[in-house]
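The block underneath contains the structure these notes are about, expressed in structure tokens.
In the text below, chain A, chain B and the rest are named by the order of the sequence lines, each starting its count at 1. These numbers come from the heavy atoms of this one structure, side chains and all, not from hydrogens, waters or symmetry mates.
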2 protein chains.
Amino acid sequence: MKTPVPRATVQRLPLYLQILDERGDQARTSSDELAALAGITAAKVRKDLSYLGSYGTRGVGYDVEQLRFEIRRALGLTRDWRLAIVGVGNLGSALANYDGFQAGGFCIAAVFDADPAKVGTEVAGVTVSPVGRLVRDVRRLGIDIGVVAVPAEAAQGVTDTLAAAGVRSILNFAPTVVRAPDGVEIRRVDLSTELQVLGYHLHLVTGGPPEAAIA
Amino acid sequence: MKTPVPRATVQRLPLYLQILDERGDQARTSSDELAALAGITAAKVRKDLSYLGSYGTRGVGYDVEQLRFEIRRALGLTRDWRLAIVGVGNLGSALANYDGFQAGGFCIAAVFDADPAKVGTEVAGVTVSPVGRLVRDVRRLGIDIGVVAVPAEAAQGVTDTLAAAGVRSILNFAPTVVRAPDGVEIRRVDLSTELQVLGYHLHLVTGGPPEAAIA
DNA sequence: GCGTGTGAACATCTTCACAGCA
DNA sequence: TGCTGTGAAGATGTTCACACGC
């Protein structure tokens, strides 16, 4: 019993949560409805939700409010995680102002940039600090998650600094692969990966290779 | 033989490509090296690459240049896909200027925004057009992929318009679930999903629930 | 010897089909 | 009756271990 909730399920819980958040007005929902909105099968929804416990009512469905609570609890969103965003270019600013970030379970506790012209300005209500203060501030503020939104060249350095400051979870948006010591979890969000996967499917359908005719 | 290359493999190919692009200077590499850099096992790398064909040399390794070419070919990056970015807020601007987008296989052919103040300005070398021209321009320019970077409220409308204009592939960055008719592939990139998954792992390690004691 | 390529074993994820309960 | 919850079957993905060819 290493993982109470399967990995694949964890990845879908945020999706269910988003759907439920968008329909906070209705009292109940069903696996069929959730499935239609999520674009997956009802059986998958039921199985996913069953890992959290038996919170549905047979013949009726799920209570929206309760389900939201249970999913948030399973994801550990009952407490707020403190974020530090490093890099306030377009991407960093977009992240800082992103609805989902502030909405549930996350608060932006600090924002850093290497550019002196940006230091002192405000982003999403937080004053930008110089990267030189990163280690000190991260420790002082008890930052849980570091968000790396700097150019590729600077990403490894920032990651090292965050890890040195004691951050255990890092979300990397820079288009490069960064390494960190054991015990530090890194998730990579590569915007171009998504495009390339889309491109692959287009490629299969349109001007694909000879084999495409078989599919 | 429905899918020549397994789905899970396709998702990792962009990662290999990125790693290879960063070491274009060296002539050869090995599954061990790639695995270390990608943070996965060597066996997985070999299996993934074997789906593309037998491009390695036993006892030696892989030719970096050839491997790059074969991965690009498998992903359909031998031709350029034309993108349209809708929404030029911080996120849209970040996407337009994102290295990976222009680098390989993708070109930004059009950029749209609903704000009259933004129309006419330049983003990443492309003049911003009003959304009213979306259908016409998308058809005229032969846009392959639509990138939705508008607020959540506007996302479904933009998706509908893109689909109506004949776009078959859509990348949605808005924090909401959008639907499209059959035949239109949608990929969702939810920046907060990634955070929530990180939060889940933190939650398991640190102040976990009572059940955590079992794990 | 060395690192790829690959069947076979194993693990995980998804789908099915239906029992169980409101 | 209606919809959840879930074992069992099936599909997909990963790891192992070793044959193969440089």
At a cut-off of 3.5 Å, list every protein nitrogen or oxygen paired with a nitrogen or oxygen from nucleotides 18-22 of chain C, distance to 0.1 Å.
| unit_1 | atom_1 | unit_2 | atom_2 | d |
| --- | --- | --- | --- | --- |
| C:dG20 | N3 | A:R58 | NH1 | 3.1 |

Practice problem: Look at all strands and tell whether B:Y55 reaches a base, only sugar-phosphate, or nothing, counting heavy atoms closer than 4.0 Å. | Solution: sugar-phosphate
Quiz item: At their closest point, which heavy atom of A:A180 faces which heavy atom of A:I186, and how far apart are they?
Solution: CB-CD1, 3.5 Å
Practice problem: Find the distance B:K44:NZ to C:dG3:C1' and express it as a whole number of Å. | Solution: 19 Å
Quiz item: If you draw a 6.0 Å radius around CZ in A:R188, do more than 12 non-hydrogen atoms from other residues or ligands fall strictly inside?
Solution: yes
Quiz prompt | Integer-rounded Å distance: C:dG5 C1' and B:Y51 OH | solution = 11 Å
Self-check item: Integer-rounded Å distance: C:dT14 C1' and B:R7 CZ
Solution: 11 Å
Quiz item: For B:E33 and C:dT4, what is the distance between atoms CD and C1' respectively, to the nearest whole Å?
Solution: 15 Å
Quiz item: Along DNA chain D, 5' to 3', what are the outermost nucleotides having an atom less than 4.0 Å from a heavy atom of chain B?
Solution: D:dG13 to D:dC22
Practice problem: Could you please name the option among C:dG7, C:dC13, C:dT14 that lies closest to any side-chain atom of A:K47? | Solution: C:dT14
Quiz item: Looking at A:R179 and B:G39, what are the two nearest heavy atoms and their distance?
Solution: NH1-CA, 4.4 Å
Quiz prompt | Taking every non-hydrogen atom, the tightest pair across B:D80 and B:C107 | solution = OD2-CB, 4.0 Å
Quiz item: Do you see a donor-acceptor pair shorter than 3.5 Å between the side chains of A:E33 and A:Q26?
Solution: yes
Self-check item: Interatomic distance where CG belongs to B:L34 and C1' belongs to C:dT4 [whole Å]
Solution: 13 Å
Self-check item: For B:N97 against B:A124, the heavy-atom pair lying closest together
Solution: OD1-CB, 3.6 Å
Quiz item: Taking for each residue the nucleotide of DNA chain C bearing the nearest heavy atom, is the 5' side occupied by B:G56 or by A:A8?
Solution: B:G56
Self-check item: Flag side-chain contact, heavy atom, 4.5 Å: A:L198 against A:E194
Solution: no
Practice problem: Mind checking B:T41 for me? I need base, sugar-phosphate or nothing, with any heavy atom below 4.0 Å counting as a touch. | Solution: sugar-phosphate
Quiz prompt | Smallest separation among heavy atoms of A:V126 and A:I108, with atom names | solution = CG2-O, 3.6 Å
Quiz item: Which part of the nucleic acid, if any, lies within contact of B:R12, taking any heavy atom under 4.0 Å across all strands shown: a base, the sugar-phosphate backbone alone, or nothing?
Solution: sugar-phosphate
Quiz item: Is the count of non-hydrogen atoms from other residues, nucleotides or ligands lying under 6.0 Å from A:D25 atom CG greater than 12?
Solution: yes
